Number of protein chains: 2
Amino acid sequence: MDEKADKEGEEFKVVSEGLEQKRNVAWRTFLTAHAAAIEKIERDLAEAEVLPLSWYDVLLALYEAPDHKLRMHELAGAILVTRGGLTRLVARIERAGLLSREPDPDDGRGLHAVLTGEGLESLRSTWPVYAGGIAEHFGHHLTDEEVEVLDRALRRVLAAAREG
Amino acid sequence: MDEKADKEGEEFKVVSEGLEQKRNVAWRTFLTAHAAAIEKIERDLAEAEVLPLSWYDVLLALYEAPDHKLRMHELAGAILVTRGGLTRLVARIERAGLLSREPDPDDGRGLHAVLTGEGLESLRSTWPVYAGGIAEHFGHHLTDEEVEVLDRALRRVLAAAREG
DNA sequence: CAAAACCAGTTGTAGATACAACGAATTGCT
DNA sequence: AGCAATTCGTTGTATCTACAACTGGTTTTG
């Protein structure tokens with residue numbers, strides 16, 4: 001770790017070259033802002049004793065689906081989790097009574113995860129807390145225009161990841 | 001789950017009320033874009049058999065510190081992880097020889113995590129892959145102006161989380 | 001129609017994280 | 001100096017996740 005090594009090191013640092021530099025810096029900001037905001041919001045949710053984000057995501061996906069039900073693999077795709085992980089996540093939520101699993105009559109392999117009344121109730125009680133967290137730790141710090149730009153830009157990032 | 005329940009349900013959906021709506025939609029875009037981009041980049045890193053992001057973060061933080069060393073709690077703060085988690089993460093990285101732990105001569109409780117030559121080498125071989133991933137899955141999809149806005153806006157989000 | 005290929009969901013295993021409780025060391029107060 | 005409070009890092013425990021192998025059901029194909 002001598003002088004020379006340090007000098008060469010500059011070449012790979014995130015803060016490095018010309019135009020790319022700003023994108024890399026923005027990437028780091030993106031990562032840390034995400035981590036920090038998520039942490040705050042999860043803490044708010046835990047303190048209010050409502051659903052954690054992972055459960056909320058599952059139940060909201062079901063809520064938004066036709067008949068409030070989805071096949072397991074559809075659900076896995078909707079919330080960006082592996083099928084294996086989803087099996088256990090859904091099992092936990094089912095154990096809490098917030099959704100139920102029903103066999104698909106048209107496909108013996110398949111299961112539907114279905115939102116229960118209790119699950120809907122949990123969504124309702126969680127949302128105000130979640131919305132408050134989003135506002136306090138995210139939305140409140142952005143101008144209307146920034147919200148617009150951010151949404152539009154990140155949609156392209158998302159679309160690219162979905163395709164590639 | 002009758003008609004009435006559905007109608008009331010609209011009230012708590014993320015796509016809901018006036019001005020707040022756009023911020024909530026942007027929040028969801030923010031979350032999913034982050035998850036999708038991270039997943040792609042982690043996959044690139046794994047395929048290239050270089051460091052995963054969590055290790056990279058630790059080693060980069062050390063690299064950027066004076067003498068390439070940091071106390072454990074400083075490191076924990078720098079990469080947004082709990083101390084308990086850091087203990088094990090650092091243990092794994094140390095086992096791989098990419099950093100070493102040295103007692104702090106000035107404080108018997110404290111340890112320094114120090115970047116090793118091998119760790120520096122790993123950082124160097126990882127960065128091109130990482131940079132490629134950032135460009136492909138993030139930077140490439142944004143205009144200069146969007147990068148600017150995004151960085152500026154998310155810095156405020158980050159700062160707020162750091163304070164509050 | 002039977003065998004192969006494929007697909008859905010689960011499970012074994014390993015790894016990683018958070019929270020809280022702990023032991024060791026330091027600091028501050030009197 | 002001496003004791004209480006604080007800080008540092010680790011560890012016990014519980015949760016949670018991913019990956020790959022596996023079971024059972026479905027579709028394809030010769």
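Throughout, a chain's letter reflects where its sequence line sits, starting with A, and its residues are numbered from 1. Just so you know, these numbers use all the heavy atoms, side chains as well, and skip hydrogens, waters and symmetry mates. Model, not experiment: these values are computed from the prediction.
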Q. In terms of the nearest nucleotide of DNA chain D, which residue is placed more toward the 5' end: A:Leu86 or B:Gly110?
A. B:Gly110
Q.
Below the 4.0 Å mark, does D:dT7 have OP1 or OP2 next to a side-chain nitrogen or oxygen of B:His73?
A. no
Q. Between atom CG in B:Leu111 and atom C1' in C:dA25, what is the gap in whole Å?
A. 12 Å
(Q) For D:dT17, does the base pair up with any side-chain atom of A:Arg83 as donor and acceptor (N or O, under 3.5 Å, distance only)? (A) no
Q.
Just verifying a value: how many Å separate B:Thr126 OG1 and B:Trp55 CH2, rounded to the nearest 0.5 Å?
A. 10.5 Å
Q | Whole angstrom value for the distance that separates P of C:dA16 from CG of B:Leu51 | A | 13 Å
(Q) Rounding to an integer number of Å, can you tell me how far A:Leu53 CG sits from D:dC16 P? (A) 13 Å
(Q) Assuming nearest nucleotide by heavy-atom distance, tell me which of B:Arg92 and B:Asp106 is located more 5' along DNA chain C. (A) B:Arg92
Q.
Applying a 4.0 Å non-hydrogen cut-off, can you work out what B:Gly108 is touching in the nucleic acid: base, sugar-phosphate, or nothing?
A. sugar-phosphate
**Q.** Phosphate OP1/OP2 of D:dA18: any A:Thr82 side-chain N/O under 4.0 Å
**A.** yes
Q: Quick one: label B:Gly84 by what it contacts on the DNA or RNA (base, sugar-phosphate, nothing), any heavy atom closer than 4.0 Å.
A: base
Q. Just how far is it from atom OG1 of B:Thr29 to atom NE2 of B:His34, taken to the nearest 0.5 Å?
A. 14.0 Å
Q. Among D:dT10, D:dT17, C:dT17, which nucleotide sits nearest the side chain of A:Leu89?
A. D:dT17
(Q) In this structure, would B:Leu60 and A:Trp27 fall into the same cluster of hydrophobic residues linked by side-chain contacts under 4.5 Å? (A) yes
Q: Using only heavy-atom distances, decide whether a donor-acceptor pair under 3.5 angstrom links the side-chain of B:Arg109 to the base of C:dT26.
A: no
**Q.** Comparing B:Met72 and A:Gly85 on DNA chain D - which has the more 5′ nearest nucleotide
**A.** B:Met72
Q: Give one of base, sugar-phosphate or nothing for A:Arg88, where a contact means two heavy atoms less than 4.0 Å apart.
A: base
Q. Nearest-Å distance, CG (A:Asp57) to C1' (D:dC16)?
A. 15 Å
Q) For the pair made of CG in A:Asp104 and P in C:dA8, what is the distance, rounded to whole Å? A) 11 Å
Q: Evaluate salt bridge (Lys or Arg N to Asp or Glu O under 4.0 Å) for B:Arg23 paired with A:Asp144, printing each intermediate quantity in order.
A: CA-CA 8 Å; B:Arg23 285 177 159 72; A:Asp144 287 358; 3.0 Å; yes
Q: Calculate the interatomic distance between B:Arg71 atom CZ and D:dT10 atom C1'; express it in whole Å.
A: 14 Å
(Q) Rounded to whole Å, please give me the gap between CD in A:Glu47 and C1' in C:dC19. (A) 14 Å
Q | Salt bridge flag under 4.0 Å for residues B:Glu47 and B:Arg43 | A | no
Q) Would you call A:Phe30 and A:Leu154 a side-chain contact if the rule is heavy atoms closer than 4.5 Å? A) yes
Q) If you take atom types as modelled and just measure distance, does the side chain of B:Arg95 reach the base of C:dG15 with a donor-acceptor pair under 3.5 Å? A) no
Q: Quickly work out the B:Glu74 CD to D:dG9 P distance and round it to whole Å.
A: 8 Å
Q: Would you classify B:Asp107 as touching base, sugar-phosphate or nothing, given that sugar-phosphate means primed atoms plus P, OP1 and OP2, and contacts are heavy atoms under 4.0 Å?
A: sugar-phosphate
